[in-house]
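Provided herewith is a single structure, encoded as structure tokens, for subsequent inquiry.
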Amino acid sequence: MSSKAITRQQVQCFHCGEDCNSSKIHLEEKIFCCEGCKMVYQVINQNGLCDYYNLNDRPGVSQRIAARKDKFAFLDDEVIQAKLVSFHDDKQTHITFYLPQMHCSSCLYLLENLHRLDEGIISSRVNFTRKEANIIFLNKPTSLRKVAELLNAIGYEPYISLNDLTETRPVINKSMIYQLGVAGFCFGNIMLMSFPEYLGVDASEAGLREIFRWMNFALAIPVFLYSALPFYLSSWKSLQHKFLNIDAPIALAIIVTFIRSAYEVLSGTGGGYFDSMTGIVFFMLAGRILQDKTYRQLSFERDYTSYFPIAVSVLKENKEIPTLLPEIKAGDTLLIHHEELIPADGILTRGKAFIDYSFVTGESVPVLKEVGEIVYAGGKQTEGNIEILVVKEVAQSYLTKLWNRDDPMAGGFRKQEQAKSVSFVHLLSRYFTYIIFTIAAATAVYWGVNDTHKLWPAVTAIFIIACPCALLLSNTFTNGNILSILGRNHLYLRNAQVIEDIANADHIVFDKTGTLTSTQEQDIMYEGGPLSRQQKQRIAALARCSNHPLSKALVKYLGAPDAMQVTAFKETTGEGIEGFAEDDWIKIGSEEYVTGRKSKEESTAVYISIEDKVQGRFRFSNHYRESIPELVRKLENDYQLSVISGDNAAEKNNLQRIFGDKITLLFNQKPEDKLDYIRFLQREGKKVMMIGDGLNDAGALKQSNIGIAVAEQTNNFTPASDAIIEAKQLSALSKFIRLCRANKNIVMASFVLSIVYNIIGLYFAVQGDLHPLIAAILMPSSSLSIVLLTYGNSSLLARSMKL
Amino acid sequence: MTLIILCKSVQKYFYHQFVTGKMSVIIILLFASISVAAIFLAAFLWGVKTGQFEDDYSPSSRILFDDKPASTTKPL
């Protein structure tokens with residue numbers, strides 16, 4: 001190791017790249033942060049897989065927190081196995097594991113070389129986008145549990161949740177892509193073969209023209225019968241609900257065009273409009289696919305099952321029995337291990353619970369529970385093992401109930417009072433359709449009186465030329481583009497309708513903890529006697545030895561100390577730590593632990609004593625995200641804002657300073673209260689946008705017109721919502737809203753343009769002589785110009801907003 | 001039915017061309033071009049079906065690994 005690396009002060013673990021200044025774990029000049037990382041390196045090295053480290057610098061995943069030894073014991077259970085594996089026979093088993101740790105090409109390399117680590121593994125194949133590995137292994141030399149343990153040992157812990165048990169994995173519907181392919185093929189060839197028709201064929205080669213026409217006809221059939229299916233189905237569905245959506249006039253236009261064209265070819269009177277028909281089908285399908293592009297790695301439909309483990313240990317006669325979660329009944333005693341989730345409401349019967357409810361409330365500081373107290377499902381035990389006596393089954397637990405949205409029997413909330421919002425495009429197309437029918441009727445009457453021969457050509461031509469396909473095109477292409485622009489900026493929408501919902505919202509409700517405040521940072525204030533630099537460093541050195549979030553925050557606040565000797569370190573779970581830092585005897589912990597007095601205070605504070613003399617305390621408070629004040633200033637003119645918080649009113653002054661006086665502040669709100677508040681606003685006629693993060697917001701997120709879940713990382717679990725935003729992008733929310741609002745204007749502008757095209761087309765159509773050439777020019781030029789206009793406009797707008 | 005009429009008119013055309021001795025190469029080209037396009041269509045559909053558009057990261061990295069993992073060969 002060169003001297004340069006040492007003086008650089010930051011020494012990084014060879015495996016995972018974490019800082020490890022004080023680490024003494026070496027192997028062949030390589031430094032590791034922990035034994036776990038070293039072990040992974042050894043495994044990889046022994047099997048000649050060191051390319052893992054050559055492909056990327058320090059690609060590993062930190063192994064500081066080692067997994068429990070029999071964590072995957074439940075995989076030996078045959079019932080559980082049968083639910084997880086995709087194929088199983090006497091010889092081999094196929095399984096797909098979700099490996100959230102996968103992040104680079106090194107991971108890919110290692111995971112596809114699993115067969116070199118375990119001889120029983122035949123093959124493994126990674127799907128990187130979905131972070132999945134398909135593994136095929138022989139049953140004899142290895143087992144499901146062993147494979148899972150191997151993955152865990154090299155740092156890719158398979159994520160197996162309750163969700164895997166109940167749901168079959170979603171099959172991606174590719175049929176629209178097939179339909180697009182077929183439509184594109186037919187459209188291209190029909191265009192080509194229409195040239196002779198338009199350019200004029202020599203009279204002596206009339207037979208040739210006939211053949212071209214027949215070929216066109218044949219090629220249009222698959223488009224008519226297969227590619228256009230989505231439009232037929234959608235319009236049929238909407239008509240069944242007595243609602244005229246945009247697909248209905250389009251389906252009508254496709255059918256009319258096909259029948260008329262077929263008639264022309266069969267009767268030998270003309271070439272028909274096959275090129276126009278296949279063209280619009282192709283473009284409209286392309287728009288639909290663009291708009292429906294989904295984020296496969298995200299899930300907007302999560303319920304608690306994807307967050308809960310598949311099995312837990314039930315204690316029966318002093319034996320741990322891995323049991324499937326749905327089979328847990330009230331009265332069972334569960335053993336919750338360190339870092340495990342509490343799956344059901346229960347009473348603590350043994351051990352000291354130190355529960356991290358950050359997923360539920362957004363509050364990152366763990367809560368201490370004593371024996372006899374009730375612990376709610378959804379929290380994570382952070383210090384040691386505990387036992388709980390189940391009072392309520394998993395699905396009936398207090399918080400999971402909030403999440404069971406489609407199951408009213410379980411008391412879940414549903415968006416019942418609220419009809420699904422309908423895009424303005426459908427309403428617009430409805431007027432459009434009425435107008436077209438009126439024009440068609442007028443034309444029919446006129447020609448019926450004057451020249452009955454021209455009646456059908458004129459009427460059908462009107463339907464052909466004046467279908468609202470331009471409107472649909474502009475809508476789908478703009479939506480698709482805006483979705484992808486927002487996705488690039490880490491705001492992921494469930495579908496295109498959400499764009500309009502965002503644009504229509506007029507009241508924004510924020511959750512406080514975890515949304516306005518950061519879960520990863522805390523503001524720390526010191527109160528008490530002055531501390532010297534050296535003392536601060538010693539406090540930090542002692543705090544470094546603990547994994548408690550407050551200790552970690554303290555180390556961060558005081559600065560990472562240089563290597564400093566800590567001896568006689570002792571940690572009392574839930575109370576504090578003590579030990580010698582160099583030669584100072586330091587105690588850090590709760591008021592009771594350090595001073596001996598009973599604590600009365602509500603705010604989070606850590607007391608310090610040096611040489612048994614109480615020095616003072618560090619007060620922790622929520623850290624507001626830096627971007628929030630600016631965001632509020634941008635939003636407050638156009639929106640009514642509210643903040644609802646499950647906490648007490650201690651932060652009231654702080655919030656008022658940020659949000660000003662106009663805001664509604666509500667404290668001590670239980671999850672139901674949050675939901676009721678949203679309902680209250682909706683009854684007042686408000687369109688509510690709710691921005692929250694935790695499980696306690698789940699009901700409110702669902703009830704609101706648009707629920708946006710905030711996630712520190714998009715891989716994290718978020719409650720069901722309409723959109724997911726990455727926390728650091730919250731500041732750009734006002735821009736996102738403006739972009740969504742612009743969406744409607746862009747669509748309207750291109751709609752006006754398409755009406756111009758339509759009027760030109762109608763001018764020919766009502767006269768009964770719509771030449772196929774005119775249709776053939778109008779159709780693609782209008783489609784293409786509209787696509788370009790909408791795409792260009794939305795992209796330009798996004799660029800001007802620096803998105 | 002369409003197919004029969006199509007075939008008949010093609011037959012009629014060929015017969016006509018043959019008799020008049022102006023066998024046009026256009027027809028052959030026509031079928032050739034459509035067949036080529038159909039092959040591409042089939043390739044596209046096959047690609048979609050086998051999931052080649054689903055994961056755009058792994059194949060591009062996989063090709064850079066020196067010793068090909070055994071997993072690239074299809075299992076039994």
Side-chain angles (χ1 to χ4, degrees), chain A residues 48-49 51 54-55 91-92 94 104-109 111-116 121-130 132-136 172 174-175 177-178 180-182 184-186 188-189 192-193 196 204-208 210-215 217-219 221 262 265-266 296, chain B residues 1-17 20 22 24-27 29-31 33-76:
Chain A
L49 291 171
D51 271 353
N54 300 337
L55 288 165
K91 268 168 80 183
Q92 52 170 276
H94 300 199
C104 65
S105 51
S106 288
C107 305
L108 185 74
Y109 171 75
L111 289 169
E112 296 213 330
N113 279 297
L114 284 180
H115 59 281
R116 282 159 69 172
I121 294 173
I122 301 173
S123 83
S124 56
R125 196 159 176 88
V126 169
N127 184 326
F128 196 83
T129 345
R130 290 160 68 154
E132 284 177 353
N134 285 302
I135 296 173
I136 301 173
I172 305 153
K174 293 176 185 162
S175 59
I177 298 177
Y178 296 141
L180 180 77
V182 171
F185 166 76
C186 297
N189 282 304
L192 206 64
M193 284 190 283
S204 64
E205 303 219 312
L208 198 61
E210 196 74 349
I211 284 186
F212 280 125
R213 282 180 181 175
W214 278 103
M215 291 295 292
F217 186 22
L219 282 168
I221 290 170
V265 171
L266 285 168
R296 257 173 236 146
Chain B
M1 186 199 67
T2 339
L3 211 66
I4 296 166
I5 301 175
L6 182 72
C7 289
K8 272 190 182 157
S9 65
V10 170
Q11 207 180 16
K12 209 170 81 188
Y13 177 76
F14 274 115
Y15 179 73
H16 172 75
Q17 293 296 321
T20 52
K22 286 196 296 174
S24 171
V25 37
I26 286 181
I27 290 298
L29 285 177
L30 187 70
F31 280 101
S33 79
I34 288 185
S35 325
V36 171
I39 290 168
F40 279 102
L41 174 68
F44 172 73
L45 295 181
W46 171 74
V48 173
K49 194 172 182 189
T50 50
Q52 293 178 27
F53 296 94
E54 273 169 41
D55 186 1
D56 46 8
Y57 182 84
S58 357
S60 59
S61 330
R62 201 174 280 140
I63 200 167
L64 298 173
F65 301 150
D66 284 338
D67 43 350
K68 276 211 159 178
S71 56
T72 46
T73 54
K74 269 237 156 147
L76 308 162

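We use all heavy atoms of the structure for the numbers below, so side chains are in, but hydrogens, waters and symmetry mates are not.
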Worksheet entry | Exam field: side chain B:Y57 to backbone A:S105, donor-acceptor pair closer than 3.5 Å |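 Checked: pair present.
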Discussion item. Give me the atom names and distance for the closest heavy-atom approach of A:V126 to B:S58.
Written reply: O-OG, 3.6 Å
Fill in: Which atom of B:V48 lies closest to which atom of A:K174, heavy atoms considered
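Looking at all heavy atoms of both residues, the shortest contact is O-NZ, 3.1 Å.
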Practice prompt. State, to 0.1 Å, how close B:A37 and A:N189 come at their nearest heavy-atom pair, and which atoms those are.
Written response: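 Looking at all heavy atoms of both residues, the closest pair is CB-ND2, 3.9 Å.
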Discussion item. Counting heavy-atom pairs under 4.5 Å with chain A, which one of B:G51, B:S33, B:A38 comes out on top?
Written reply: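 It is B:A38.
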Item to complete: Measure distances from B:L45 to the heavy atoms of chain A and classify the residue's part below 4.5 Å as side chain, backbone, both or neither.
Response: both
Worksheet item: What part of A:N127 is in contact with chain B, defined as an atom under 4.5 angstrom from a non-hydrogen atom: side chain, backbone, both or neither?
Response: both
Item to complete: Locate the shortest heavy-atom distance separating A:I211 from B:L30; write the atom from each residue and the value.
Response: CG2-CD2, 4.4 Å
Practice prompt. Can you measure from OH (A:Y178) to CG (B:L41) and round to the nearest 0.5 angstrom?
Written response: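 Between A:Y178 OH and B:L41 CG, I get 11.5 Å after rounding to 0.5 Å.
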